[in-house]
Amino acid sequence: MANFEIRAKDGLARLGRFSTKHGTVKTPLLMPVIHPGKSIISPKDIVDVFGFQMVITNSYIINSHEKFREKAIAEGVHGLLDFDHPIMTDSGTFQMYFHDLPEEEIDPLAILEFQKQIKTDIGTILDAFSKPDVGREKVEKDVELSLERAKMSVGKKDEMMLAGTIQGGIYEDLRERSAKAMGALDFDVYPIGGVVPLMEMYRYSDIVRVTLATKKHLPPDRPVHLFGCGHPMLFAQAALLGCDFFDSASYAKFAEKGRMLLTTGTVHLKDLSELPCECPICSNTTAEELKALPKDKKDLALMRHNLYVSAAEMRRVRQAIADGKLFELAALRARSHPALLEALQVMTENMDQLIESDPFGKSSSIFYTGVETAVRPEISRFHERVLSRYPFKTTDTIIIVPDIGERPFSDTASTIIAEVRKRKPEEVLLMFLTPMGVIPWELEHVHPAQQCIFSKSVDPVTLNISKKRLQEILEIITFNKIVWFERESPTNQLSKGLSDQYNLTKTTTASETITAIENLDSEKSDWYIRKLRAVLMYQWGENAGDIANKEGIQVVFSRSTGKIRHVTLENEIIFTVVPTTGLLTPTFKGGEILLHANIDSTFLVTMEKDAAEFVAKGRSALAKFVKNASSNLKAGEEVLVVDNESNLLGVGRTLLSGVEMLVFNRGVAVNIRHSRNI
Ligand code: GUN
Ligand code: ZN
């Protein structure tokens, strides 16, 4: 029984809810580590003062001290910590590694039983921690031993939730093997273990590789915990890779050494003349005053600072996921340390895995942050969709208009657009060339075309990607000539070399550009039909495009913006354009038309019989009642929700991917916009 529910996604990140006997928590979340005897800050204050939702403590430490053990057995771990929010316990694996304890020090089943006995919310198996650089053979043994213990533990978890740690060192294939085998067992949380030493050595790119390898094979309906990752400068990137749980002993350990955690790295109090932080501690004192405090008071002040900073960053991460802006936050943080930037580069080399998961149909702006921007999931996917779904493959002239950075960019080419509107696609196609690549005029309002904000000084890597994308588009279209409207733009230089391959005319004014289009026989063409076809195909594939040419199709323009607002068929609205995404949302009638047009079955979600009636009445389609969904279906798509006999129940936007819908038994799969009986 999974206790995890997804509310929003961004990259591989999930904004979620996780339910325990002691309440439901929001993820991604950070659990401060509580030492049952030593913690200066009480678990109560961790929640009440700093706003955390959950803590983690160590069952091995509790069990090894009679005083803690007896109280925990009598009053539960919640009694011991005087805390009534969720508690996770670790097993002692880390202490075994850290203090090099002998194998027989902890019995895996005894520590499991002890965690059950003290009524922790989430216990952890005794996994086998692989030290870095011990060699592959040893790591392989640790993976096997962890799996063996996992198998003997998982059936005995009873009421307690259990975390099954993935080991595998820096070896991606071992991580994958471990994740596959562990993923097949019924754990409630999957920690990624063995990464603390990597963290300490700033080997963040190894952490990225290991995390991506592990994530590939874990069941999507269980949270993933990055064990021992407590530095706030890592949260954004780790969350973007799909980590849901974090724990921090760093807040205390760093403080004891006079070190302050910042989202940009670590600073030593002794080096500071100013406190570079806005937390309540730093706002109410000075560096000199802090330095002058006695050690215990200073430690406490720094711990509190570290907790404030860590909590705030986790809130920022959650908000960024909700806004579809986590990539930008991670890119920003990556500028704090070269090792983090390298990690970001490793992530961009593995972008396919993020594209798989990143939701379609976001409306957020996309700020250029550097070389990584052009391959962001939203942008890569736009280009891929244009390549595979752009309807117009034959024309006489392609006009290329470099993007001068203004938004909406179409306003800067209104004279040319007015001419193109009069022509048919067989005569002329208009393409905007932006640093993200080519935007066909028909898709000018589709996200992220107008939402990508670049600086004038775009880097050469990005321009190269843009050029490659231009070439790929030119290869799928048959045409006679290119008219290139030269403008002051970073992408203007990309015409270089094109004249060797193509019949290229350069123009410098809009009227020159128009004159350069040969005056082909132009019967009146309904330009919006052309746009409609392009957007329909972009969203639902080839067959949907034909709806644009149905007898009786008309469009209604917005009075304020002049953009297409609605599409009607015989005066009934069938689609509405979402102003922020340029995408179509069907009405129920529109859904029926899509269904009859025989669109790709990727966009059909079939409900169980018992739930059909609810969806027909407009209730959300819940994941646990989804009977069938395509493995190609992504989160964020506009889909048709049908019953067993393919009758349309409702139309709406997916919150989960097709794969997730089939796995999750909590939460919403499709938010229904319109339904049969309303
Ligand atoms: N704490 C930090 N790393 C680990 C790990 O790999 N396993 C366990 N159980 N706890 C940890
Ligand atoms: Zn501070």
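Since we're looking at a predicted model, the values are computed, not measured. We number each residue from 1, following the sequence as shown.
- Every side-chain contact (heavy atoms from CB on, under 4.5 Å) that H337 has, sequence neighbours left out, goes to Y202, A339, L340.
- Not a single donor-acceptor pair under 3.5 Å links the side chain of T348 to the backbone N or O of E372.
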Mind running side chain to side chain contact (heavy atoms under 4.5 Å, CB included) on M88 and M31 for me, showing each step along the way?
CA-CA 8 Å; M88 180 169 176; M31 310 168 213; 3.6 Å; yes
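- Inter-residue side-chain proximity for R619 and I672 is flagged as unmet; no heavy-atom pair is nearer than 4.5 Å.
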Side-chain polar contacts of residues 50-60 - donor-acceptor pairs under 3.5 angstrom, sequence neighbours left out - could you list them?
from, atom 1, to, atom 2, distance (Å)
Q53, OE1, K26, N, 2.6
Q53, NE2, K26, O, 2.9
T57, OG1, I34, O, 2.7
N58, OD1, Y60, N, 2.9
N58, OD1, I61, N, 3.2
N58, ND2, Q95, OE1, 3.0
S59, OG, D90, O, 2.6
Y60, OH, E105, OE2, 2.8

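- Counting only distance, with no hydrogens or angles, the side chain of R666 and the backbone of F4 share no donor-acceptor pair below 3.5 Å.
- When each of I166, T214, V154, D127 is tested with M182 by the rule side chain to side chain contact (heavy atoms under 4.5 Å, CB included), just one qualifies, namely I166.
- Between V309 and C277, the closest heavy-atom pair is CG2-SG, 3.9 Å.
- No side-chain donor-acceptor contact under 3.5 Å links S336 and T264.
- Between Q353 and K215, some side-chain heavy-atom pair lies under the 4.5 Å cut-off.
- With sequence neighbours excluded, the residues that form a salt bridge (charged side-chain N to carboxylate O under 4.0 Å, His left out) with R333 are E313.
- Taking the side chain as every heavy atom from C-beta outward, V626 and L662 approach each other to under 4.5 Å.
- In terms of the salt bridge (charged side-chain N to carboxylate O under 4.0 Å, His left out) criterion, residue partners of D100 (sequence neighbours excluded) are, by chain and number, K131.
- Contact record, D121 with H85: OD2-O, 4.1 Å, taken as the closest heavy-atom pair.
- Between the side chain of T654 and the backbone N or O of S657, no donor-acceptor pair lies under 3.5 Å.
- Of all heavy-atom pairs between V615 and S620, the closest is CG2-O, 4.3 Å.
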Apply the test side chain to side chain contact (heavy atoms under 4.5 Å, CB included) to residues R175 and T211: give CA-CA distance (whole Å), side-chain angles for both, the deciding distance (0.1 Å), then the verdict.
CA-CA 8 Å; R175 289 282 177 178; T211 304; over 6 Å; no
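- Judged as a side-chain hydrogen bond (donor to acceptor under 3.5 Å, both in side chains), not a single pair has a partner in residues 249-260 (not counting sequence neighbours).
- No more than 12 heavy atoms of other residues, nucleotides or ligands sit less than 6.0 Å from atom CZ of F614.
- Looking at every heavy atom in both residues, G370 comes nearest to R335 through CA-NH2, 3.9 Å.
- Looking at every heavy atom in both residues, A623 comes nearest to L656 through CB-CD1, 4.0 Å.
- With sequence neighbours left out, R304 forms a salt bridge (charged side-chain N to carboxylate O under 4.0 Å, His left out) with no residue at all.
- The side-chain contact (heavy atoms from CB on, under 4.5 Å) test applied to A330 returns A236, Q237, L240, not counting sequence neighbours.
- The CZ atom of F94 lies 12.5 Å from the OG1 atom of T165; values are rounded to the nearest 0.5 Å.
- A 4.5 Å side-chain heavy-atom check between R14 and T27 finds every atom pair outside the cut-off.
- Here the side chain of D247 pairs a donor or acceptor atom with the backbone of G228 at under 3.5 angstrom.
- There is no side-chain donor-acceptor pair under 3.5 Å between D142 and Q167.
- When the shell of 6.0 Å around CD of E75 is examined, it contains more than 12 heavy atoms from other residues, nucleotides or ligands.
- E5 pairs by the salt bridge (charged side-chain N to carboxylate O under 4.0 Å, His left out) definition with R7, not counting sequence neighbours.
- Using a cutoff of 4.0 Å between basic side-chain nitrogens and carboxylate oxygens, K624 and E660 are not scored as salt-bridged.
- Between F129 and Y97, the ring planes lie parallel to each other; the angle is under 30°, not in the 30° to 60° tilted range.
- Aromatic ring orientation, F227 versus H225: tilted (interplanar angle from 30° to 60°).
- A side-chain hydrogen bond (donor to acceptor under 3.5 Å, both in side chains) check over residues 292-303, counting only residues at least two apart or in different chains, returns the pairs K295-D299.
- Side-chain contact between F245 and L29 is present, with at least one heavy-atom pair separated by less than 4.5 Å.
- Side chains of D84 and H78: a donor-acceptor N/O pair is absent below 3.5 angstrom, by distance only.
- Side-chain atoms of R316 and T263 form no donor-acceptor pair, as typed in the model, at a separation below 3.5 Å.
- Counting only heavy atoms from C-beta outward, the side chains of R222 and V663 never approach each other to under 4.5 Å.
- In K216, the NZ atom is crowded: over 12 heavy atoms of neighbouring residues, nucleotides or ligands sit closer than 6.0 Å.
- Of the candidates Q451, H447, E378, K362 forms a side chain to side chain donor-acceptor pair (under 3.5 Å) with just one, namely E378.
- With sequence neighbours left out, the side-chain contact (heavy atoms from CB on, under 4.5 Å) criterion links P377 to F327, M351, L354, I355, D358.
- Side chain of E70 to backbone of K67: no donor-acceptor contact under 3.5 angstrom is found.
- For residues 266-305, there are no ring pair (Phe, Tyr, Trp, His ring centres under 6.0 Å) pairs, not counting sequence neighbours.
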Please report the C-alpha distance between F18 and T24 in whole Å, then the side-chain angles of each, then the deciding distance to 0.1 Å, and finally whether the side chain to side chain contact (heavy atoms under 4.5 Å, CB included) criterion is met.
CA-CA 5 Å; F18 187 77; T24 296; 5.9 Å; no
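- Note that K325 lies in the cation-pi zone of F367, set by a 6.0 Å cut-off to the ring centre and a 45° limit from the axis.
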Begin with the C-alpha distance, continue with both residues' side-chain angles, and end with the deciding distance and a verdict on side chain to side chain donor-acceptor pair (under 3.5 Å) for T266 and H231.
CA-CA 9 Å; T266 311; H231 201 303; 2.8 Å; yes
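- Here the shortest heavy-atom pairing between Q115 and S91 reads NE2-CB, 4.2 Å.
- With sequence neighbours left out, E104 forms a side-chain contact (heavy atoms from CB on, under 4.5 Å) with P102.
- The closest side-chain heavy-atom distance from P232 to F246 is not below 4.5 Å.
- Considering only heavy atoms from C-beta on, C243 stays 4.5 Å or farther from F235 through its side chain.
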